[in-house]
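These notes are about the structure you will find just below.
Computed from a prediction, not measured in an experiment: that's the story for all the values here. Side chains included, hydrogens not; waters and symmetry mates left out as well; all remaining heavy atoms used.
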Amino acid sequence: MARKAPIKRKTSAAAAVKKYVYLFGKGMSDGNASMKELLGGKGANLAEMAKLNLPVPAGFTITTECCVDFFKSGMQYPSCLEKQVKEALAKVEKAMGMKFGDPANPLLVPCRSGARSSMPGMMETVLNVGLSSKTIPGLVKKTKNERFVYDAYRRLIMMYSDVVMEKAEGIEPAEGKGIRKQLDDQLEKLKKAKKYASDTDLTVADLKKLCEDFKKTIRKVLKAEFPDDAEKQLWGGIGAVFKSWNGKKAVSYRRIEGIPDEWGTAVNVQSMVFGNMGDTSATGVAFTRNPATGENKFYGEWLVNAQGEDVVAGTRTPNPLNKETKNEQNKHLPSMQELLPAIYKQLFDIRNKLEKHYHDMLDIEFTIQEKKLYMLQCRVGKRTGTAALNMAMDMLSEKLIGEKEAVMRLSPTQLDEILHPILDPKAEKKAELIVKGLPAGPGGAVGQIVFTSEKAMALAYASIEDRKVSLLRERIQTETGVESKYAQFAHVVRGGKPSLKDRFIASEMGVRAVELLVAGHSSVAMCEIDGKVVATDINFVRKTDRMYKNKLKPGDLDGFSEAELAGMKALVEKRQEECRRLAALAESVSL
């Protein structure tokens with residue numbers, strides 16, 4: 001299909017005077033944390049972190065109001081927007097000492113979403129915007145790292161074709177035929193042919209060939225050319241982020257969370273910093289406290305020589321941030337505390353500064369570019385009900401919050417979650433263990449395995465027998481959290497450890513966990529790999545981080561209650577310690 005001009009301009013005179021673009025960065029932040037309704041949570045907090053003199057790459061936020069006006073005008077940009085963006089971009093270029101689209105010293109940017117209420121993973125992002133045949137040679141010369149440049153370029157092609165050229169254009173491919181899936185398959189095919197274990201094994205020659213092959217596939221599948229112009233890429237990315245507000249997974253998430261459709265999303269355009277420039281670069285996510293238990297320990301994960309999408313994709317098992325984050329699956333990997341102690345200390349100090357400033361547990365994202373730390377995001381972190389209770393009590397003791405605030409920190413959903421059943425430890429010892437996994441949200445559950453969200457929804461809606469369902473997927477996907485709302489719990493099989501973000505999306509919704517079975521052991525689990533079912537549907541019982549087989553024969557699905565499964569007749573109805581702390585908190589506070 002022919003590409004349209006990057007923007008259309010049609011607006012009223014009144015709209016022309018609106019301020020749609022707000023700068024952030026050291027010494028030039030227009031906004032602050034109180035402006036979430038206008039700048040979205042991400043934009044408001046980027047401005048706030050810059051005001052705190054934290055290392056935030058310069059950028060600008062296009063407001064939620066602009067998104068609303070965009071849709072009111074039939075998906076046309078306000079006439080004043082292009083001028084405001086151009087002026088803001090010039091100031092960002094000056095702050096960073098680079099120029100967008102410049103052949104010799106190019107500035108690259110991402111286009112990221114940011115609604116006023118956190119919707120993690122539900123809207124779209126495009127990284128490395130500005131890479132083209134015009135800017136690639138200059139970036140190679142500047143960085144003296146050709147592999148990094150072409151790795152960034154292949155990532156841009158993969159994200160842009162998926163987010164801008166397919167999803168934003170309203171193209172709905174058949175299951176497994178989306179452009180991102182086809183490009184992912186091409187990447188995996190090359191890795192398999194070359195016997196590579198990871199994306200980081202790809203050579204410059206491999207990456208160059210992939211980029212050209214990707215463009216051919218895009219041309220064939222989408223009937224359009226990948227844009228080779230920085231400005232076209234930028235406006236395509238901005239429009240795609242706006243349109244993702246009305247994407248299927250975003251709409252589904254808003255229905256579940258009760259977020260109004262009329263709020264809109266902001267777009268954050270920020271100077272790119274790169275975690276994939278080699279072994280002295282990295283990217284990561286962290287929580288200022290453990291979001292599963294509430295323990296006052298810095299908790300996170302990071303990947304060396306990677307970009308942010310690698311952490312959430314689950315294709316590599318991230319390194320632990322520190323000794324507190326080590327577990328059975330990542331204990332063999334070095335932590336940042338061990339490998340980069342000076343940067344870890346800087347990040348730890350930022351963690352303390354942010355908690356003291358916000359008086360809450362925060363979810364942060366960061367990038368290390370050649371041993372220099374940059375902060376890309378902070379927001380109030382998602383947490384389980386147990387964690388919410390424990391954090392509220394601990395922060396009350398630490399005098400970070402008062403008694404009334406402590407009570408208000410627990411939502412009705414989190415209070416309900418605290419009362420979720422867990423498995424009887426005595427019964428658990430007698431059960432047959434199938435496989436261990438990685439924990440996410442707490443709780444125990446039983447259910448019949450299904451491999452698609454459609455089947456999970458069908459069984460949930462039918463509910464003739466009140467059948468409990470487990471959604472099992474091959475890979476982690478951002479929509480897994482929304483789809484798993486129809487299941488008792490959900491998990492994925494292939495890859496490395498899934499992101500903290502994805503695991504707690506589902507946990508927050510009342511689903512027991514989103515977990516990943518141990519990489520390399522998928523053959524022992526009931527799963528679907530490359531379209532082939534390894535084992536048929538069976539019932540089973542599981543705890544947070546492991547699965548137990550029942551005493552029934554596989555395939556014996558009908559007519560059995562939870563109490564008859566695997567001898568697990570005694571699901572514990574109350575979580576004694578959490579209930580004790582909750583009662584103590586309620587008794588001590590008079591609202």
Side-chain angles (χ1 to χ4, degrees), residues 1 3 110 124-129 131-133 136 140 146-169 171-228 233 236-237 240 274-276 303 305-317 473-480 492-496 498 519-520 522 527-532:
M1 67 186 76
R3 301 300 298 166
E124 304 298 346
T125 291
V126 183
L127 304 179
N128 309 328
V129 172
L131 271 177
S132 66
S133 60
I136 284 174
V140 170
E146 191 175 19
R147 190 201 175 280
F148 148 69
V149 174
Y150 278 96
D151 182 55
Y153 191 43
R154 68 96 182 165
R155 293 169 186 271
L156 168 64
I157 295 171
M158 295 177 83
M159 283 185 279
Y160 194 95
S161 60
D162 173 42
V163 173
V164 181
M165 301 177 72
E166 185 173 85
K167 290 176 180 174
E169 292 296 323
I171 298 172
E172 296 186 4
E175 182 72 25
K177 298 297 183 181
I179 189 63
R180 183 59 189 256
K181 178 67 165 62
Q182 295 193 46
L183 299 185
D184 278 334
D185 288 346
Q186 283 182 244
L187 174 60
E188 292 300 321
K189 184 178 179 180
L190 175 62
K191 286 164 59 180
K192 186 175 181 181
K194 298 280 183 117
K195 297 182 180 180
Y196 294 156
S198 171
D199 295 356
T200 56
D201 296 326
L202 294 166
T203 66
V204 173
D206 294 331
L207 291 165
K208 285 182 176 180
K209 186 177 187 305
L210 267 179
C211 290
E212 293 307 311
D213 289 346
F214 283 172
K215 290 177 185 178
K216 290 177 183 177
T217 301
I218 292 167
R219 193 179 303 122
K220 179 181 177 182
V221 174
L222 299 179
K223 312 297 184 205
E225 294 288 335
F226 178 80
D228 192 38
Q233 291 174 9
F274 299 96
N276 60 327
L303 273 173
N305 196 16
Q307 285 198 298
E309 61 165 346
D310 298 321
V311 180
V312 301
T315 54
R316 292 165 57 189
T317 298
R473 303 196 67 152
E474 180 181 352
R475 293 180 184 274
I476 191 70
Q477 296 174 310
T478 52
E479 56 265 40
T480 299
V492 295
V493 174
R494 176 180 286 185
S522 59
C527 57
E528 186 176 33
I529 302 290
D530 297 330
K532 296 179 181 178

**Prompt:** Can you list the steps and then say if L127 with M159 is a side-chain contact (heavy atoms from CB on, under 4.5 Å)?
**Reply:** CA-CA 7 Å; L127 304 179; M159 283 185 279; 3.4 Å; yes

Restricting to non-hydrogen atoms, name the atom on [X] and the atom on [Y] that form the minimum distance, rounded to 0.1 Å.
X	Y	result
P173	G178	CG-CA, 3.5 Å
G176	K181	O-CG, 3.5 Å
N276	A152	ND2-N, 4.1 Å
V164	E169	O-CG, 3.7 Å

I need the [X] [atom1] to [Y] [atom2] distance, nearest 0.5 Å.
X	Y	atom1	atom2	answer
D228	L131	CG	CG	10.0 Å
E166	Q182	CD	CD	8.5 Å
I136	C211	CD1	SG	7.0 Å
L222	S161	CG	OG	6.5 Å
I218	F214	CD1	CZ	8.0 Å
K208	L210	NZ	CG	13.0 Å

**Asked** Any ion pair linking D184 and R180 (charged N to carboxylate O, less than 4.0 Å)?
**Response**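 So R180 pairs with D184 through a salt bridge.
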
**Prompt:** Can D199 and R154 be counted as an ion pair, charged N to O under 4.0 angstrom?
**Reply:**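 Salt bridge present between D199 and R154.
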
**Message:** A side-chain contact here means heavy atoms from C-beta on lying under 4.5 Å apart; do I157 and K215 qualify?
**Reply:**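 Answer yes - side chains close enough.
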
**Prompt:** Any side-chain heavy atom of Y196 within less than 4.5 Å of one from T203?
**Reply:**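 Y196 vs T203: side chains touch.
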
**Message:** side-chain contact (heavy atoms from CB on, under 4.5 Å) for Y150 and K209? Distances and angles first, verdict last.
**Reply:** CA-CA 10 Å; Y150 278 96; K209 186 177 187 305; over 6 Å; no

**Side-chain donor/acceptor of R147 to backbone N/O of L202, under 3.5 Å** =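 Pair found, side chain donor or acceptor close to backbone of L202.
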
**Request:** Please indicate whether K191 has more than 12 foreign heavy atoms, meaning atoms of other residues, nucleotides or ligands, lying under 6.0 Å from its NZ.
**Result:**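 Result for NZ/K191: enclosed.
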
**Request:** Indicate whether any N or O donor in one side chain lies under 3.5 Å from an N or O acceptor in the other, for T217 and Q186.
**Result:**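 Present: a donor and an acceptor within the cut-off.
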
**Request:** Please assess D151 against R155 for the test salt bridge (charged side-chain N to carboxylate O under 4.0 Å, His left out), listing each intermediate value before the final yes or no.
**Result:** CA-CA 6 Å; D151 182 55; R155 293 169 186 271; 3.0 Å; yes

**Derivation and outcome, side-chain contact (heavy atoms from CB on, under 4.5 Å), residues Q233 and L156** = CA-CA 10 Å; Q233 291 174 9; L156 168 64; 3.7 Å; yes

**Message:** Run the side-chain contact (heavy atoms from CB on, under 4.5 Å) test on D206 and D201 for me, step by step, so that the C-alpha distance in whole Å, both residues' side-chain angles and the decisive distance to 0.1 Å come before the verdict.
**Reply:** CA-CA 9 Å; D206 294 331; D201 296 326; over 6 Å; no

